[in-house]
Amino acid sequence: MPPILPDEKRELLVILKTATEILEHIKTDPNDIYIKDEIEFAGKVQVTGWIFPCRLYVGDHTMGFVAHLNCRDTRSKPMLNLNGLTCEHRVNPIGIDEPSPRFSWILNSDETNVLQTAYRVLVSTDADFSKTVWDSGRIKSNRSVLIAYDGEPLCPSTRYYWTVEVEDNHGITNGACPEAFFETGLMADGNWPALFISPKNENDPTRSEGWYLSKTYEIRGAVASARIYATALGLYSVTVNGIIDENYLLAPGWTNYNSRLLYQTIDITDSLQIGSNIITAHIGTGWYKGDLAGWMSKRCVYGNRIGFSMVMHVAYEDETEETVMTDETWESFPSPVLYTEIYNGETYDARRETDLSMPPKSGGTGPVVLLDMDRSTVCAQDGPPIAVHEVLEPVELLTDSQGRTILDFGQNLTGWVRFQVEGPAGSEVMLKHGEILTAEGDLYTENLRAAKQEILYILKGDGIEEYHPCFTFQGFRYVLVEKYPGTPKKKDFRAEVVHSKMPPTGDFSCSNPLINQLNHNIHWGMKGNFLDIPTDCPQRDERLGWTGDAQVFIGTACNLRNTASFFTKWLRDMRTEQKPDGGIPHVIPDVLFDAAETDDLLEGAHSATGWADAAVICPWTIYRQYGDERILEENYGMMKRWVECIRRQARDEVIWDTGFHFGDWVALDAKEGSYFGATPNDYTATVFYANSADILSRTAALLGNEDDSEHYGALYRRIRSAFLEKFYTPSGRLAVRTQTAHVLALHFNLVTKEHAQRTVDDLVKIIGEENGHLTTGFLGTPYICTVLARYGRLDEAYKLLLQEDYPSWLYQVKQGATTIWEHWDGLKPDGSLWSPDMNSFNHYAYGSVGYWLYTTMAGLEAAENGPGYKIIDFRPRPGGGITSASMRRETPYGLAEIIWKLVGDEMTVIVEVPCNTSARLFLPGQRDAEILGSGRYERKTIIRTGGISV
Ligand code: BGC
């Protein structure tokens with residue numbers, strides 16, 4: 001038994017209790033558990049495996065796990081067990097319409113060098129596997145990720161159980177396999193059966209109020225299972241007998257509703273009762289009808305009337321079934337939500353609340369009308385749902401210059417405030433949300449532009465009342481309590497952190513607390529902006545799916561959380577928005593379609609370099625991170641059309657020098673008063689064009705399309721030659737003298753081998769001219785440390801990373817940032833602010849340096865030839881005085897981990913290689929990599945002074 005440290009005692013007992021239960025389950029003696037790893041944790045326990053050898057994750061799983069424990073029965077023979085069973089990247093998903101869903105599993109063994117040699121998947125409609133619909137047979141294969149179903153056609157609304165047997169290279173087969181299932185949705189294939197209804201009086205495009213739609217249904221017997229399949233024009237939530245499932249917030253999310261409207265599948269089995277059941281939908285304005293792109297005063301982008309549609313499917317215990325749907329017999333009545341807008345907030349009059357577990361009062365309801373709409377666009381939700389993932393208490397109550405209370409949650413976040421209040425009917429609570437305070441200690445809201453972010457709650461005067469908004473969200477750290485009956489107290493307010501459900505997969509830390517805070521800010525930038533789509537920012541009147549931002553951050557995001565489904569969905573959104581000429585809009589969903597005519601800044605409404613290239617870079621990154629080939633198949637057409645769109649515009653098909661571009665957006669080498677960095681457009685455009693052609697060629701090869709692969713490979717080589725000819729002098733000097741130009745040439749391998757050294761030397765010189773600071777914008781920043789490290793200037797990479805004065809990553813940290821800022825100097829050293837026109841304090845783009853922290857400083861990355869981490873490269877690169885770093889990464893094959901520590905000049909490196917993968921360990925200063933099979937290893941090496949390695 002390991003020693004129990006006093007502080008950890010309580011948590012450890014929790015673990016042991018959990019472990020004891022596990023042991024009891026398999027009838028083994030609890031004393032035989034041993035805990036292999038050093039324990040270093042705080043918070044809750046999450047058990048992700050229950051058969052030996054099992055792995056217990058410790059930590060608040062919403063914050064990322066902080067430690068893990070390997071437990072096993074010491075008396076047992078070597079065993080092979082499975083966990084992490086997922087279908088379409090999700091654990092036991094319900095409501096999927098994918099005709100050929102894919103299965104993944106994780107092998108666990110207490111042997112080393114374990115590789116799967118064969119598998120057999122069984123899928124059945126019963127848990128005993130007597131009604132098999134697919135038996136893959138024994139397949140000799142080491143593949144354990146994303147195996148596609150290939151059995152009988154799947155039926156709608158059906159639960160399928162699946163299991164897998166595997167064999168490994170030690171001749172061991174797995175023990176019992178944890179139960180896993182997936183459940184199909186309506187599989188209506190473009191024939192959504194239910195009608196869309198809207199309150200008869202919801203007919204004013206300028207109004208933004210909430211409505212209830214309701215109907216009572218009789219349930220005639222015991223229910224085995226029941227589902228609601230629902231969607232809305234606007235936003236909705238459903239209550240069944242007053243019970244709401246809060247796992248589906250802000251549904252149906254945001255897509256281009258005219259071509260793709262997603263329905264959610266909600267398990268309501270436990271909410272139904274025999275006899276009368278009241279189903280009530282609450283609907284609101286949302287992205288469908290509400291204000292969008294506030295600076296362009298857009299409204300009703302998709303329609304001017306909100307509505308709702310649902311199918312309820314009930315399976316009785318007597319094996320009969322029943323299906324009911326929305327129709328003209330439903331009734332409508334106004335909800336307490338008097339006003340609701342994504343940007344502006346909500347007004348809620350609690351005096352108008354009704355008990356939703358009772359039928360609406362007679363006389364209080366009105367009719368509904370049927371909406372005439374194209375129902376062929378309705379399809380199953382393919383991205384993760386939005387939910388509350390964390391709850392924060394205010395760290396402090398502050399007082400502003402007028403004596404009013406300001407809640408400080410200590411963290412810039414996205415979500416809303418849930419509060420409790422008691423007071424007379426008609427009294428009010430008014431909350432205003434902002435990211436920072438002024439020097440005088442007042443709430444600063446100018447950078448929100450037209451977005452109000454205000455909540456007004458009118459009390460019903462009925463004891464303690466509790467409220468949180470439902471059809472809006474706010475970006476904030478501080479909340480001004482402008483109105484409140486009585487004195488606001490900390491205990492009455494909670495910030496609920498809202499984002500798409502994406503399991504945490506990565507945990508980084510190092511010996512430098514400022515870098516750890518930077519990593520914290522990067523993660524919170526992600527949480528704040530991954531809300532159904534990847535947004536630029538969550539607070540001002542924008543919150544749009546800017547493609548460029550997503551493209552630069554996706555690699556970092558994939559390390560921190562599992563974003564496979566999130567990007568699968570967003571890329572499908574993108575496909576529906578591709579222009580007939582192959583162009584890709586600046587934002588997805590595209591609400592800036594007419595920007596070229598209406599916006600002063602945007603001279604083109606689509607197809608800007610580095611932004612539109614998200615169409616190629618994002619599918620490729622998801623493939624590389626998760627081994628998901630289908631995302632390439634699905635998006636291949638879009639990728640090709642985009643490259644063709646550039647080819648047609650490019651001079652001689654090779655130099656792209658036309659069109660509107662954001663270029664190296666908000667770079668510090670921009671002219672005074674401009675957002676456009678100094679690197680010329682034909683340069684950045686040609687670089688990104690080359691990269692997209694190269695990725696396209698490699699994708700074609702993977703998909704077995706040799707002709708395309710050769711064609712685009714040749715195109716890439718032509719672009720590269722033209723690029724070299726145009727931008728390099730014969731002596732090998734890059735003619736564009738910006739940091740970003742040098743970074744891009746190196747990062748995208750456009751420079752020739754012989755000229756690479758000069759390009760790096762020049763880059764270092766230019767950085768030196770800025771006194772060791774960066775001037776890069778959106779396009780150069782993600783890769784500046786990467787290229788310096790790759791080309792032998794790790795020292796310079798660390799110098800840049802560790803700069804603490806403006807402009808630098810750590811300048812923000814030292815200024816107290818808790819998320820990543822849009823501008824290096826959002827808040828200037830003298831306390832003044834960047835122009836409120838464009839000054840978000842929660843903009844993840846510059847957080848793309850996270851990728852470098854995980855893959856270079858800590859040194860854990862999927863190898864070039866090992867997509868999805870089938871082959872892992874461990875390449876720790878210590879430097880900058882940092883004495884330790886670690887990265888834990890939940891890969892599709894299980895946990896991979898690296899921990900390194902420096903004591904004097906001795907470096908200790910511990911790595912963990914998951915089963916069914918192999919790894920290459922490159923130790924600093926050593927010429928050859930060590931090839932490792934699965935297992936945990938410790939190595940030592942001596943580091944040369946300064947920690948600079950080859
Ligand atoms: C957004 C950016 C975006 C940019 C395009 C801004 O308003 O916030 O993040 O990429 O516009 O230039």
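Along the sequence shown, residues carry numbers from 1. What's counted below: heavy atoms across the whole structure, side chains too, no hydrogens, waters or symmetry copies. Atoms within a ligand are numbered from 1 in the order they appear, just like the ligands themselves.
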Chemist: Cation-pi check for Phe841 against Arg477: NZ or CZ below 6.0 Å from the six-membered ring centre and within 45 degrees of the axis, yes or no?
Modeler: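 The answer is no, since Arg477 fails at least one limit relative to Phe841.
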Chemist: Return each pair, listed once, that meets salt bridge (Lys or Arg N to Asp or Glu O under 4.0 Å) where at least one residue sits in residues 834-844; pairs must be two or more places apart or across chains.
Modeler: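 Sorted result for residues 834-844: empty, none.
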Chemist: I'd like to check the salt bridge (Lys or Arg N to Asp or Glu O under 4.0 Å) partners of Glu446; sequence neighbours left out, ordered by chain and number.
Modeler: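 With neighbours one apart ignored, the set is empty.
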Chemist: Collect the protein residues that have a non-hydrogen atom under 4.0 Å from ligand 1 and hand them over in chain and number order.
Modeler: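 For ligand 1, the residues that come within the 4.0 Å heavy-atom cutoff are Asp536, Arg540, Glu542, Trp546, Asp549, Trp611, Phe662, Trp665, Phe778, Glu822, Met838, His843.
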Chemist: Where do Trp287 and Tyr257 land on the ring-ring contact (aromatic ring centres under 6.0 Å, His included) test, with the steps shown first?
Modeler: CA-CA 10 Å; Trp287 296 283; Tyr257 304 112; 7.7 Å; no
Chemist: Any salt bridge (Lys or Arg N to Asp or Glu O under 4.0 Å) pairs touching residues 678-692, not counting sequence neighbours?
Modeler: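 Listed once each, the pairs are Asp682-Lys726.
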Chemist: Does the distance from a Lys or Arg side-chain N to an Asp or Glu carboxylate O, for Glu341 and Arg299, drop under 4.0 Å?
Modeler: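 Salt bridge: yes.
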